[in-house]
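The block underneath contains the structure these notes are about, expressed in structure tokens.
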Protein chains: 2
Amino acid sequence: MARAATTSDAFNAIAEPQRREILVLLRGGERPVTDLARNLGMTQPQASKHLRVLREVGLVRVRGAGKQRLYGLDARGLRPVHEWVGGFERFWSESFDRLDEYVQELKQARQEGPHDGDDQ
Amino acid sequence: MARAATTSDAFNAIAEPQRREILVLLRGGERPVTDLARNLGMTQPQASKHLRVLREVGLVRVRGAGKQRLYGLDARGLRPVHEWVGGFERFWSESFDRLDEYVQELKQARQEGPHDGDDQ
DNA sequence: TTGACGCATTCCGATATAGGCATATGATGG
DNA sequence: CCATCATATGCCTATATCGGAATGCGTCAA
């Protein structure tokens, strides 16, 4: 097997930096393809391809406007991502080395009274 | 070019479902490789490979313990991801069809004077 | 030392990517 | 209908993946 398709979920879709940039730009409102391409320094076909991926995972939606096609953000698909990552919030706010033991030691130390110096 | 390396950043590393499961398991504390493999229904080499990726992006750390190697979570690398995705929070909480107009309104509101407090 | 165990690494094949370029499709105006 | 502008798609190459199976390597016990 190869890597999972970029269109398999939001996690894969936003793994690509350029697609993330597109999403950020779209936060400012709808934009036509060429506009996005120019702003991000990519070719029009590349932009279209990235937008296709984003559309397939539902992170953007399109709206025809004459010759143009206006792409707009639909961030709802990012919510699960945010929630999943958020599940780790309490772990990155901890001072980190040897977290598991550290936590245990802390609990004990508190019961036995302040007893410093164990690093290194 | 091919897709960016899975080891290029946390975004790419967590795009793989199995690696996400590993991280979730490690939230419960350090674990040896075989233990992870068994719990996730994958072979030991697969687990090792995924753990290698996670280590290269700094999401896990290892500690030798005799024959075993205990892998532990280091979630700090997830913080940037959480923050990036969090930048879209207000967009998925909005009723959606009027998003563009909403953005316009926001811009105007800002020019007419910081008139905060419309959250929730 | 030898054997057993835990884990990492290698080689293989199949797959899907991102990028570049050419071109097809679509809508608009004259 | 035709020319033009805006996008989408197709084709190609190089690359890195995930999975599987085999094997290398380090540690521990007898």
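Values reported hereafter were calculated over all heavy atoms of this structure, with side chains retained and with hydrogens, waters and symmetry mates removed. Naming convention: chains lettered A, B, ... in sequence-line order (proteins, then strands); numbering from 1 in each chain.
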Tell me the interatomic distance from B:M1, atom CE, to C:dC21, atom P, rounded to whole angstroms. 14 Å
With the criterion being N/O to N/O and under 3.5 Å, what pairs connect the protein with nucleotides 22-27 of chain C, and how long is each?
none

Take atom CG of B:D35 and atom P of C:dC5, then tell me their distance rounded to the nearest Å. 17 Å
Who are the side-chain hydrogen bond (donor to acceptor under 3.5 Å, both in side chains) partners of A:R20, not counting sequence neighbours? none
OP1, OP2 of D:dC5 versus side-chain N and O of A:Q68: anything below 4.0 Å? no
A:D9 CG to C:dA16 P, in whole Å, measures 15 Å
Examine C:dA8: is either OP1 or OP2 under 4.0 Å from a nitrogen or oxygen in the side chain of B:R52? Give yes or no. no
Beyond-backbone contact of B:D9 with B:V81, side-chain heavy atoms, under 4.5 angstrom: no
Is the shortest side-chain N/O distance from A:R69 to OP1 or OP2 of D:dA8 below 4.0 Å? yes
Please tell me which of the listed nucleotides, C:dA16, D:dG20, C:dG19, lies nearest to the side chain of A:A2? C:dA16
Separation of D:dA6 atom C1' from A:L36 atom CG, nearest Å, is 13 Å
One should read off an interatomic distance between A:H50 NE2 and A:T6 OG1, to the nearest 0.5 angstrom, of 9.5 Å
Just by distance, no angles: are the side chains of B:Q44 and B:S48 close enough, under 3.5 Å, to form a donor-acceptor pair? yes
Remember a base hit wins even if backbone is also touched, and classify A:R19 as base, sugar-phosphate or nothing at under 4.0 Å, heavy atoms. sugar-phosphate
Between A:N39 and A:D35, is there a donor-acceptor pair closer than 3.5 Å when you use the side chain of the first and the backbone of the second? yes
Got a donor-acceptor contact below 3.5 angstrom from the A:E16 side chain to the A:Q18 backbone? yes
Could you tell me whether A:R61 and A:E30 have a side-chain N and a carboxylate O separated by less than 4.0 Å? yes
Does the side chain of A:L73 come within less than 4.5 Å of A:L23's, by heavy atoms? yes
Integer-rounded Å distance: C:dA8 P and B:H50 NE2: 13 Å
Is B:Q46 close enough to D:dG19 that one of its side-chain N or O atoms is under 4.0 Å from OP1 or OP2 there? yes
Please tell me which of A:V62 and B:A4 maps to the more 5' nucleotide of DNA chain D, matching each residue to the nucleotide holding its nearest heavy atom. A:V62
Check every strand shown and say whether A:T34 touches a base, only sugar-phosphate, or nothing at a heavy-atom separation below 4.0 Å. sugar-phosphate
Nucleotide D:dT15, atom P - distance to CG of B:N12 in whole Å: 18 Å
On DNA chain C, more 5' by nearest nucleotide between B:K49 and A:E16 is B:K49
Closer than 4.0 Å, any side-chain N/O of A:T6 to the OP1 or OP2 of C:dT17? yes
Phosphate contact (C:dG19 OP1 or OP2) by B:R3 side-chain N/O below 4.0 Å: no
Would you say a side-chain N or O of B:Y71 is under 4.0 Å from OP1 or OP2 of C:dG6? no
Rounded to whole Å, CG of B:L70 lies from P of D:dT27 at a distance of 15 Å
How many whole angstroms separate atom CE of A:M42 from atom P of D:dA6? 18 Å
